[in-house]
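Please read the structure below before turning to the comments.
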Amino acid sequence: MGREADRGAIDPAVLDRLAGELGDSGVAQRIAGIYLELLEERVGRLCSAWVEGDAEKALETALTLKVTSATIGAVAVSGCAERVERSLRDGGSRAIGGRLQALRQAAAETLATGFGAGAPTPGGRPRGRR
């Protein structure tokens with residue numbers, strides 16, 4: 001496993017900051033776990049809304065993805081969602097296809113690496129160790 005996969009796609013400093021704000025690292029881990037469980041469905045909802053021509057639903061979903069991703073430290077997903085949101089707001093429909101593809105890729109990488117090898121998962125077990 002490479003350095004990126006060992007580190008994971010979720011920035012532990014952001015997750016630690018969230019745990020500090022909540023006063024409970026277990027709650028922060030559960031929030032991150034729920035985020036990971038819902039990520040693929042949210043990205044799919046955004047892509048479907050765009051294909052169906054529902055710009056309002058696409059914008060709402062992009063904003064939700066941006067904020068929830070930033071909250072738990074999924075920086076790549078948050079950045080991609082922000083670029084999609086900006087394109088939707090600016091009417092840049094030609095750029096959206098590529099930006100949605102980048103978002104799908106960032107989400108896939110986030111799901112694949114999540115918390116990183118050896119980091120606690122929402123279930124409390126270290127990832128990559130048995």
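- Using a distance-only test at 3.5 Å, with no hydrogens or angles considered, no donor-acceptor pair links the side chain of S87 to the main chain of I96.
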Let me check something: any side-chain donor-acceptor pairs from residues 103-112 under 3.5 Å, sequence neighbours excluded? List them with distances.
residue : atom : partner : partner atom : Å
R104    : NH1  : Q101    : OE1          : 2.7
Q105    : NE2  : E109    : OE2          : 2.8
T110    : OG1  : A106    : O            : 2.8

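- With rounding to the nearest 0.5 angstrom, the CG atom of D16 is 11.5 Å from the CD atom of E21.
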Listing, residues 49-62 side-chain donor-acceptor contacts under 3.5 Å, not counting sequence neighbours, or none:
residue : atom : partner : partner atom : Å
D54     : OD1  : K57     : N            : 3.0
T61     : OG1  : K57     : O            : 2.8

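- Between the CZ atom of R42 and the SG atom of C47 there is a distance of 14.5 Å, given to the nearest 0.5 Å.
- Atom NZ of K66 is separated from atom CD of E82 by 5.0 Å, given to the nearest 0.5 angstrom.
- If you take CD1 on I72 and CD1 on I34, they are separated by 11.0 Å, rounding to the nearest 0.5 Å.
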Quick one, V75 with I10, criterion side chain to side chain contact (heavy atoms under 4.5 Å, CB included). Give me CA distance, side-chain angles, the key distance, then yes/no. CA-CA 7 Å; V75 179; I10 295 175; over 6 Å; no
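- In terms of modelled atom types and a separation under 3.5 Å, the side chain of T68 and the main chain of T64 share a donor-acceptor contact.
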Derivation and outcome, side chain to side chain contact (heavy atoms under 4.5 Å, CB included), residues D11 and L15: CA-CA 7 Å; D11 184 341; L15 200 53; over 6 Å; no
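- A distance of 13.5 Å separates CZ of R83 from CG of L88, quoted to the nearest 0.5 Å.
- Panel note: side chain S78, backbone S69; no donor-acceptor pair is recorded below 3.5 Å.
- Residue L22 is not grouped with residue V67 when hydrophobic side chains (ILVMFWY) are merged at heavy-atom distances under 4.5 angstrom, including chains of intermediate members.
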